[in-house]
Amino acid sequence: MLVAMSVGATEEQVAAVEDHIRSVGLTPHESRGMERVVIGVVGDVAVRRDQVMNHLLSMPGVETVTPISRPFKLASREFHPGDTVVRVRGHAIGDGSLAIMGGPCSVESRDQLLETADAVRSAGAMVLRGGAFKPRTSPYSFQGLGVEGLRYLAEARERTGLAVITEVMESADVPAVAEHADILQVGARNMQNFPLLTAVGRSGMPVMLKRGLAATIEEWLMSAEYILSTGNQQVLLCERGIRSFDTYTRNTFDLTAIPLLHHLTHLPVIADPSHATGKRWLVRPMALAAVAAGADGIMVEVHPHPEDALSDGEQSLTLDQFSHLAPVLREVHDQVRGFDQSLVAQ
Ligand code: PEP
Ligand code: MN
């Protein structure tokens with residue numbers, strides 16, 4: 001349920017409400033807007049619901065108490081009507097700007113990473129991606145450079161000023177990854193690894209949660225809820241395609257998920273057309289489509305020599321292709337925003 005405090009509620013009144021929520025075995029989550037404080041109440045109220053609601057309503061400073069209908073509470077727009085803005089190294093994601101993220105699927109060597117980092121930086125990207133710990137379908141495929149890869153990412157960050165996103169595959173690796181990266185990526189295969197979700201949440205770092213291979217929107221948002229319920233609000237959602245009956249593309253890009261998520265949740269949405277399509281020549285049109293659909297950011301795989309890549313070469317853009325794509329993404333973003341704003345003004 002949601003407790004909306006009145007506009008003039010004092011800090012003592014807010015604290016008293018939160019104390020009461022805790023005293024009945026529930027957890028308060030505060031959201032501070034421009035005017036008022038809204039407190040999300042999380043936990044199993046079940047049979048006590050009416051009693052708890054009545055008591056809260058009678059407390060000084062409380063304006064309304066409303067049940068939240070969605071199973072994902074902290075992720076819902078009901079709890080947090082305004083957009084969440086994720087802050088990374090002085091940049092904002094989800095504030096209406098477009099975050100462009102590029103880099104190789106895997107960090108393969110220092111030279112490969114630094115060359116790619118320089119190129120994506122010059123193209124105007126804000127975030128460098130690169131996997132050091134790789135979740136590969138086959139145990140015989142390249143598994144990533146591990147901590148050595150993390151060190152190259154940190155060096156690239158130092159050299160270019162780009163923020164770094166990289167995947168963390170297990171809870172034990174969270175401290176090492178958090179030390180070298182700015183955003184922790186939870187991969188599609190780990191979307192429902194609940195201990196990992198709690199661990200990345202507790203790190204306090206921004207987290208990008210990829211959609212599971214066959215996850216419904218609701219399952220995905222319930223996974224985001226695990227991270228949010230640790231008190232970490234810095235969560236990005238990444239649509240990277242889902243499994244369907246078609247085999248021509250690697251996955252089926254669920255473009256509808258982008259505006260749908262904006263409707264259901266306040267969390268920023270990133271699109272990954274590389275994993276969604278699996279084919280280099282499909283990345284550009286789908287990246288443009290994702291921006292037009294309202295994505296807050298685009299993550300694309302880029303490699304200096306895709307033909308020699310140790311993973312996902314088939315879907316990686318060349319440095320040159322990325323440098324042509326990035327400005328066009330910005331142009332589409334500006335156009336769509338301008339168009340939407342003129343409609344709102346009417
Ligand atoms: C990746 O980003 O390289 C990756 C492994 O993605 P996903 O988890 O979406 O397959
Ligand atoms: Mn990949």
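Keep in mind the model is a prediction, meaning the values are calculated, not measured.
A salt bridge does not link R240 to E301: none of the charged side-chain nitrogens sits closer than 4.0 Å to a carboxylate oxygen. For the pair E167 and K210, the salt-bridge criterion is not met [side-chain N within less than 4.0 Å of a carboxylate O].
Residues T160 and D118 are in side-chain contact: their nearest non-hydrogen atoms beyond the backbone lie under 4.5 Å apart.
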Worked verdict on T166 versus V177 for side chain to side chain contact (heavy atoms under 4.5 Å, CB included): CA-CA 8 Å; T166 194; V177 177; 3.5 Å; yes
Would Q112 and Y152 count as a side chain to side chain contact (heavy atoms under 4.5 Å, CB included) if you check the C-alpha gap in whole Å, the side-chain angles of each, and the deciding distance to 0.1 Å? CA-CA 10 Å; Q112 171 245 19; Y152 298 149; over 6 Å; no
Could you walk me through whether D334 and R337 pass the salt bridge (Lys or Arg N to Asp or Glu O under 4.0 Å) test, one step at a time? CA-CA 5 Å; D334 290 347; R337 269 180 69 77; over 6 Å; no
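Neither V14 nor V42 shares a network with the other; the hydrophobic side chains, linked directly or stepwise wherever heavy atoms of I, L, V, M, F, W or Y lie under 4.5 Å apart, form separate groups for each. Under the 4.5 Å side-chain heavy-atom criterion for ILVMFWY residues, no single connected hydrophobic cluster contains both M299 and M205.
A donor-acceptor contact shorter than 3.5 Å is absent between the side chain of H262 and the backbone of A295. Counting only distance, with no hydrogens or angles, the side chain of Q315 and the backbone of G313 share no donor-acceptor pair below 3.5 Å. For T265 (side chain) and A75 (main-chain N/O), a donor-acceptor pair under 3.5 Å exists by modelled atom type. Using a distance-only test at 3.5 Å, with no hydrogens or angles considered, a donor-acceptor pair links the side chain of S223 to the main chain of M191. Panel note: side chain H266, backbone L74; a donor-acceptor pair is recorded below 3.5 Å. Using a distance-only test at 3.5 Å, with no hydrogens or angles considered, no donor-acceptor pair links the side chain of D296 to the main chain of I93. A side-chain donor-acceptor contact under 3.5 Å links E108 to the backbone of L310. For the pair R129 (side chain) and P104 (backbone), a donor-acceptor distance under 3.5 Å is present. Checking side-chain atoms of T116 against main-chain N and O of H303 turns up no donor-acceptor pair under 3.5 Å. When atom types are taken as modelled, the side chain of T277 and the backbone of P273 share a donor-acceptor pair closer than 3.5 angstrom.
Nearest heavy atoms, I100 versus A326: CD1-O, 3.7 Å. A pairwise comparison of heavy atoms in A257 and R211 identifies CB-NH1, 3.9 Å as the closest pair. Residues A156 and A117 approach most closely at CB-CB, 3.9 Å, considering heavy atoms. In this structure, A293 and L255 approach most closely via the heavy-atom pair CB-CD1, 4.2 Å.
Within a 6.0 Å radius of CZ in R89, other residues, nucleotides and ligands contribute more than 12 heavy atoms. Heavy-atom neighbours of E314 CD from other residues, nucleotides or ligands within 6.0 Å: at or below the threshold of 12. By the 6.0 Å contact criterion, CZ on R121 is open, its count of non-hydrogen atoms from other residues, nucleotides or ligands being 12 or less. At most 12 heavy atoms of other shown residues, nucleotides or ligands fall within 6.0 angstrom of atom OH in Y226. Surrounding CD of E35 are at most 12 heavy atoms belonging to other residues, nucleotides or ligands under 6.0 Å away. For Q335, the CD atom counts as loosely surrounded, since its 6.0 Å shell holds 12 or fewer non-hydrogen atoms of other residues, nucleotides or ligands. Residue-environment remark: CZ (R136) exceeds the threshold of 12 foreign heavy atoms within 6.0 Å.
Side chains of S244 and D246: no donor on one and acceptor on the other come within 3.5 Å. Judged purely by distance below 3.5 Å, without hydrogens or angles, the side chains of H80 and Q233 never pair a donor atom with an acceptor atom. Side-chain atoms of H275 and D312 include a donor-acceptor pair closer than 3.5 Å.
Remark: T64 OG1 to L2 CG distance equals 8.0 Å, nearest 0.5 Å. A distance of 13.5 Å separates CZ of R77 from CD1 of I68, quoted to the nearest 0.5 Å. Considering OG1 of T27 and CD of E18, their distance stands at 11.0 Å, rounded to 0.5 Å. Within the model, atoms CG of L288 and CD1 of I298 stand 8.5 Å from one another, a figure rounded to the nearest 0.5 Å. Within the model, atoms SG of C238 and CG of L267 stand 13.0 Å from one another, a figure rounded to the nearest 0.5 Å. To the nearest 0.5 Å, atoms CZ (R243) and CG (L213) are separated by 5.0 Å.
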In residues 180-188, what donor-acceptor pairs under 3.5 Å come from side-chain atoms, sequence neighbours left out?
residue : atom : partner : partner atom : Å
H180    : ND1  : A176    : O            : 2.8
D182    : OD1  : R157    : NH1          : 3.0
D182    : OD2  : R157    : NH1          : 3.3
D182    : OD2  : V164    : N            : 2.7

Solution key, residues 45-54 side-chain donor-acceptor pairs under 3.5 Å, sequence neighbours excluded:
residue : atom : partner : partner atom : Å
R48     : NH1  : V24     : O            : 2.7
R48     : NH2  : D44     : O            : 3.2
N54     : ND2  : D50     : O            : 3.3

